[in-house]
Enquirer: 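Provided herewith is a single structure, encoded as C-alpha cells, for subsequent inquiry.
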Amino acid sequence: EVKLFNSAKIVIGVHGAALTNVIFCQNKTHIIELKNNKSDYLYENIIKKSKLNYYSLVSKKITSNSSSRPCDGLIEVNLLKLSKILSNIK
C-alpha cells in the first residue's frame with residue numbers, strides 16, 4: 001500500500017480509515033474524498049496538512065448500518081460531479 005499510494009497522482013476514496021494511507025502520498029497528489037454530509041473533517045485536515053490537493057464530494061446517504069456513527073452507511077455518488085472534479089485536475 002505504501003508504494004501504491006506513494007506513486008499515485010490521484011486517489012479517490014470513501015471517508016474512512018483507508019484514507020489514512022494518504023500520508024504516504026507525494027506532495028501535490030490529488031485526493032478526492034467521497035463522504036456524506038454527516039462526516040467529520042478528520043481526513044480533510046490530514047490531507048491539507050500533508051500539502052496534498054483536497055477535493056470533497058458530499059454524497060447522499062442512502063442507507064445506514066447498525067453503527068451508531070452518523071458517517072457510516074452507504075452513499076450515492078453523483079458521477080457527473082465526480083467527472084467534473086476529475087476534469088478540473090491538471
Side-chain angles (χ1 to χ4, degrees):
E1 289 180 4
V2 172
K3 190 174 184 180
L4 181 65
F5 276 82
N6 187 258
S7 64
K9 301 294 181 205
I10 299 173
V11 174
I12 301 172
V14 177
H15 178 88
L19 274 180
T20 305
N21 288 315
V22 299
I23 63 170
F24 302 117
C25 290
Q26 295 183 33
N27 285 352
K28 302 197 179 181
T29 300
H30 300 275
I31 312 296
I32 303 170
E33 179 185 18
L34 308 174
K35 61 184 187 175
N36 71 43
N37 62 351
K38 302 292 184 189
S39 300
D40 58 32
Y41 298 96
L42 174 65
Y43 301 104
E44 178 179 354
N45 291 336
I46 291 170
I47 291 164
K48 287 180 175 179
K49 287 186 186 294
S50 299
K51 296 186 169 74
L52 306 173
N53 296 302
Y54 177 78
Y55 307 86
S56 174
L57 181 54
V58 178
S59 300
K60 179 181 172 186
K61 187 174 181 177
I62 56 175
T63 63
S64 296
N65 61 16
S66 60
S67 172
S68 62
R69 296 177 345 146
C71 61
D72 287 348
L74 298 177
I75 59 172
E76 183 179 282
V77 177
N78 183 319
L79 296 179
L80 290 175
K81 288 182 180 179
L82 178 58
S83 178
K84 186 174 181 179
I85 292 170
L86 289 168
S87 68
N88 288 326
I89 294 173
K90 296 183 179 17

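This chain uses plain numbering: 1 for the first residue, then up along the sequence. Below, all heavy atoms of this structure are taken into account, side chains as well, without hydrogens, waters or symmetry copies.
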Enquirer: Taking only residues two or more places apart in sequence or in another chain, which ones pass side-chain contact (heavy atoms from CB on, under 4.5 Å) with Asn53?
Expert: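 For Asn53 the side-chain contact (heavy atoms from CB on, under 4.5 Å) partners, ignoring immediate neighbours, are Lys28, His30, Tyr55.
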Enquirer: Any side-chain heavy atom of Leu86 within less than 4.5 Å of one from Ile12?
Expert: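 The answer is yes, as the side chains (C-beta and beyond) meet within the 4.5 Å cut-off.
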Enquirer: When hydrophobic residues are tied together by side-chain contacts of less than 4.5 Å, even through go-betweens, does Ile47 share a cluster with Ile10?
Expert: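 No, no single cluster joins them.
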Enquirer: Please report the shortest heavy-atom distance between Glu1 and Asn21, naming the atom on each side.
Expert: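 Minimum heavy-atom separation between Glu1 and Asn21: OE1-ND2, 3.1 Å.
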Enquirer: Give the minimum heavy-atom separation between Gln26 and Leu52, together with the two atoms involved.
Expert: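 Scanning both residues, the minimum pair turns out to be O-CD2, 3.0 Å.
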Enquirer: Is any side-chain heavy atom of Asp40 closer than 4.5 Å to one of His15?
Expert: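 Side-chain contact under 4.5 Å: yes.
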Enquirer: Mind checking ring-ring contact (aromatic ring centres under 6.0 Å, His included) for Phe5 and listing every partner two or more places apart, or none if nothing turns up?
Expert: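 Phe5 satisfies ring-ring contact (aromatic ring centres under 6.0 Å, His included) with no other residue.
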Enquirer: Do Ile75 and Tyr41 share a hydrophobic cluster (ILVMFWY, side-chain heavy atoms under 4.5 Å, transitive)?
Expert: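 Unlinked, Ile75 and Tyr41 end up in two clusters.
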Enquirer: Excluding sequence neighbours, so at least two apart, what forms side-chain contact (heavy atoms from CB on, under 4.5 Å) with Ile46?
Expert: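 Testing Ile46 for side-chain contact (heavy atoms from CB on, under 4.5 Å), a comparison that skips the adjacent residues, returns Val22, Ile23, Leu42, Tyr43, Ser50.
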Enquirer: Quick one: does Asn6's side chain have a donor or acceptor within less than 3.5 Å of a partner on Val2's backbone?
Expert: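 Here the side-chain-to-backbone pair does not exist.
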Enquirer: Evaluate side chain to side chain contact (heavy atoms under 4.5 Å, CB included) for Leu19 paired with Glu33, printing each intermediate quantity in order.
Expert: CA-CA 8 Å; Leu19 274 180; Glu33 179 185 18; 3.7 Å; yes
Enquirer: Checking Asn36 side chain against Ser39 main chain: does a donor-acceptor pair fall under 3.5 Å?
Expert: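 Present.
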Enquirer: Quick one: pull up CG in Leu80 and CD1 in Ile85 and give me the separation to the nearest 0.5 Å.
Expert: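 With rounding to 0.5 Å, CG (Leu80) is 11.5 Å from CD1 (Ile85).
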Enquirer: Mind checking side-chain hydrogen bond (donor to acceptor under 3.5 Å, both in side chains) for Glu44 and listing every partner two or more places apart, or none if nothing turns up?
Expert: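 Residues passing side-chain hydrogen bond (donor to acceptor under 3.5 Å, both in side chains) with Glu44: Lys48.
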Enquirer: Apply side-chain hydrogen bond (donor to acceptor under 3.5 Å, both in side chains) to Asn78 and list each qualifying residue two or more places apart in sequence or on a separate chain.
Expert: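 Asn78 satisfies side-chain hydrogen bond (donor to acceptor under 3.5 Å, both in side chains) with no other residue.
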Enquirer: Going from SG on Cys25 to NZ on Lys51, what distance comes out if it is rounded to the nearest 0.5 angstrom?
Expert: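 Interatomic distance, Cys25 SG to Lys51 NZ, rounded to 0.5 Å: 15.0 Å.
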Enquirer: Are Leu82 and Val14 linked, directly or through other ILVMFWY residues, by side chains that come within less than 4.5 angstrom of each other?
Expert: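 Yes, because Leu82 and Val14 connect within a single hydrophobic cluster, where side-chain heavy atoms sit under 4.5 Å apart.
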Enquirer: Check step by step if side chain to side chain contact (heavy atoms under 4.5 Å, CB included) holds for Leu57 and Lys35.
Expert: CA-CA 6 Å; Leu57 181 54; Lys35 61 184 187 175; over 6 Å; no
Enquirer: Whether the side chain of Ser7 engages the backbone of Lys3 through a donor-acceptor N/O pair (distance < 3.5 Å, no angle test) should be reported.
Expert: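 Checked: pair present.
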